[in-house]
Structures are given as C-alpha cells and as structure tokens.
Amino acid sequence: MTDSFEIAGVPLASRFLLGTAGYPNPQLLAEAVKASQTQLLTVGLKRSAQGGDNGFVAMALAAARAQGARLLPNTAGCRSAAEAVQLACMARELYDTAWIKLEVTGDEHTLQPDPFELLAAASELVKLGFTVLPYCTDDLVLCRRLLDAGCAVLMPWGAPIGSGQGLLNPWALRTLRERLPEAVLIVDAGLGAPSHAAQAMELGYDAVLLNSAVAQARDPVRMAHAFRDAVRAGRQAYLAGVMPAQDFAVPSTPVSGHAFVLS
C-alpha cells in the first residue's frame, strides 16, 4: 500500500522535498535530484531572474521532468507582501504552476519570516487562485491564521535557514502536530543532518524540505541518498509508534516469578 500524502488533491509518494540552490554545478544538482527521488523541487525565481543561473534552472526542470516531479517556485528574498505577490504572479507565468512556496523575510540576521506580511500575502495569493505553501515559524496562532486564510500546507521552520541546527524547538513542533491534526505540515529550513529529518518525521510531520544540507555536502549525491533513507525511516517509526520517553528505568526483562532454563 502506498504511503502518500496530498497537496491540493495531488498525491505525493515522496516525503522529501529538495531545494535547487547552491550546488557546485548543474550536473551534481541533477544527480542529487535523482538520488533523492523527490517529487517536488523548489526554485528561487528571484535568484535566477536577476543574476543568471548558469543553467541551474534548466537542469532542475529537466531533472524534475525525468522523474515526474513538480516544480515549486519560491519567493525567497522578498521583504513585503506586495513584493511576494508580484513575484508569485511572475512565477506562475514562467513555470506554468499555481503552486508557490511563500517566503517573506522579516529579519535580516535570522531570516525569520515576517508573520504580518506573510499572512497578508497568503490571503491575497489564495484569492488569486494560488496553492500557497507558506514558510513560517512554529507559532501556533500564526499557523491557524494561515490555515484560515486558505493555505494548503504549512511549512514551519526547524531552525533558521541554512543554519543546520536541526529542530530547535521540538516541543513547539509537536504541539503544532497535535493541535492541527488535519493540516499538511512540512518542516522547512534548518535541517543539517539526516537524523534531523528522521526526528521531524517521527513527530508525525508529513514531509521535510531542505537544500543546503545536500547542496553543500562534500558529496551531495550521497547525502541526498542519506536524507531519502532517513525520511523513510522516520516515517516508518512514526507509523510503528515510537515509545514515549520516561524519566525512570523500566526493566525489559520480567523481574517477578521463578527463573527457568530452556533446554
């Protein structure tokens, strides 16, 4: 039985979403995409439109098509709702998709999303017919407002973008999962090691999205393999039921009754 999840009615069998920025060369990007077996690739329109991409976007498109993956343009680098909406509309025309990963930065040091501009942009984009996947913090109230605005998915951060620190606040992420049981939740940003991805999946998240941990690895293709396997392992662990942690020892061997020897 296929263990898939859905975004706007589209089933996705892979729970590993991959970014396309920062690879040493386009060929390594294509090989990492293949190794990841992802079905959703993010593309930064602002980067490709302003500075040229040295063939990265074309390679990403080809790699995505080769394995039936979709492209997910993002609004990385935007600082206001108006700027993000404008970029999203450009992306829809360029890539022929209404799916958009919405990013609106509010702080230059942490690259933390601006919750007010993010909510304003999400509301406007939903009205314009977009399927909006907002990159947000793990604030429960903000996440509820984004769902109320019509967002298809929530993408709370694990840690600041590119930091590789893993899940800084597992309690908040666990609370989101428990309080929003029907929402599609994807941990986005801050994952540096495959164990971080497994931890997110063990919490019951539907998927993870990362970029730098693979793109900046000494061997991006091998790292893509590692994350793919970690995501699968974490998902299986969640479905199997991870035992709860306890503050006291519990013997795994019964200590009552009489000892006996098997012969």
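- Tracing side-chain contacts under 4.5 Å through hydrophobic residues (I, L, V, M, F, W, Y), one reaches Phe227 starting from Val187; they form part of the same cluster.
- Val208 and Ala200 get closest at one heavy-atom pair: CG1-CB, 3.8 Å.
- Between Asn74 and Leu87, the closest heavy-atom pair is O-CD2, 4.1 Å.
- Panel note: side chain Arg15, backbone Ala13; no donor-acceptor pair is recorded below 3.5 Å.
- Asp96 CG: 12 or fewer foreign heavy atoms inside a 6.0 Å radius.
- Across every non-hydrogen atom of Ile161 and Ala189, the tightest pair is CG1-CB, 3.7 Å.
- Note on Tyr205: it does not cluster hydrophobically with Ile7, by side-chain heavy-atom contacts below 4.5 Å among ILVMFWY residues.
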Starting from the C-alpha separation in whole Å, work towards a yes-or-no answer on side-chain contact (heavy atoms from CB on, under 4.5 Å) for Leu17 and Thr42. CA-CA 8 Å; Leu17 285 58; Thr42 62; 5.7 Å; no

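- Put simply, the side chain of Thr75 gets close to the backbone of Glu103: a donor and an acceptor are under 3.5 Å apart.
- Side chain of Thr105 to backbone of Arg79: no donor-acceptor contact under 3.5 angstrom is found.
- When hydrophobic side chains of Ile, Leu, Val, Met, Phe, Trp and Tyr are connected at separations under 4.5 Å, Leu168 ends up as a singleton with no cluster partners.
- Sorted by first and then second residue, the side chain to side chain donor-acceptor pair (under 3.5 Å) pairs involving residues 223-236 (not counting sequence neighbours) are Asp3-Arg235, Gln37-Arg232, His225-Arg228.
- The nearest pair of heavy atoms linking Ala32 to Val221 is N-CG2, 3.9 Å.
- Screening residues 156-170 for side chain to side chain donor-acceptor pair (under 3.5 Å), with sequence neighbours left out, gives Ser163-Gln165.
- Counted within 6.0 Å of CZ on Arg92, heavy atoms from surrounding residues, nucleotides or ligands total more than 12; the atom is thus considered enclosed.
- Under the 4.5 Å side-chain heavy-atom criterion for grouping Ile, Leu, Val, Met, Phe, Trp and Tyr, Val153 is not connected to Val104 through any hydrophobic cluster.
- Listed here is the closest heavy atom pair of Gly166 and Ala159: O-CB, 3.2 Å.
- Going from atom CG of Leu72 over to atom CG of Leu41 covers 9.0 Å, rounded to the nearest 0.5 Å.
- The same ILVMFWY cluster, assembled from side-chain heavy atoms under 4.5 Å apart, contains both Leu210 and Leu185.
- Rounding to the nearest 0.5 Å places OH of Tyr23 at 10.0 Å from CD of Gln216.
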Donor-acceptor contacts, no H, no angles, side chain residues 117-143, under 3.5 Å, sequence neighbours left out:
{"residue": "Glu117", "atom": "OE1", "partner": "Ala81", "partner atom": "N", "Å": "2.7"}
{"residue": "Ser123", "atom": "OG", "partner": "Leu119", "partner atom": "O", "Å": "2.9"}
{"residue": "Asp139", "atom": "OD1", "partner": "Val141", "partner atom": "N", "Å": "3.0"}
{"residue": "Asp139", "atom": "OD1", "partner": "Leu142", "partner atom": "N", "Å": "2.8"}

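- Rounding to the nearest 0.5 Å gives a distance of 11.0 Å between CD1 of Ile100 and CE of Met90.
- Alongside Tyr238, the hydrophobic cluster contains Leu239 (criterion: ILVMFWY side chains under 4.5 Å).
- Between atom OG1 of residue Thr38 and atom CZ of residue Phe16 there is a gap of 6.5 Å, rounded to the nearest 0.5 Å.
- Pairs engaging residues 175-201 under the side chain to side chain donor-acceptor pair (under 3.5 Å) rule: Lys101-Asp188, Arg177-Asp206 [sequence neighbours left out].
- Considering CD of Glu83 and SG of Cys78, their distance stands at 4.0 Å, rounded to 0.5 Å.
- Between the Asn211 side chain and the Ala21 main chain, a donor and an acceptor come within less than 3.5 Å of each other.
- Met155 and Val231 are not part of a single hydrophobic cluster, where members link through side-chain heavy atoms under 4.5 Å apart.
- For Pro194 against Ala230, the heavy-atom pair with the smallest separation is O-CB, 3.3 Å.
- Atom CZ in Arg145 sits 12.0 Å away from atom CG in Leu147 (nearest 0.5 Å).
- No side-chain heavy atom of Val214 sits under 4.5 Å from any side-chain heavy atom of Ser36.
- More than 12 heavy atoms of other shown residues, nucleotides or ligands fall within 6.0 angstrom of atom CD in Glu6.
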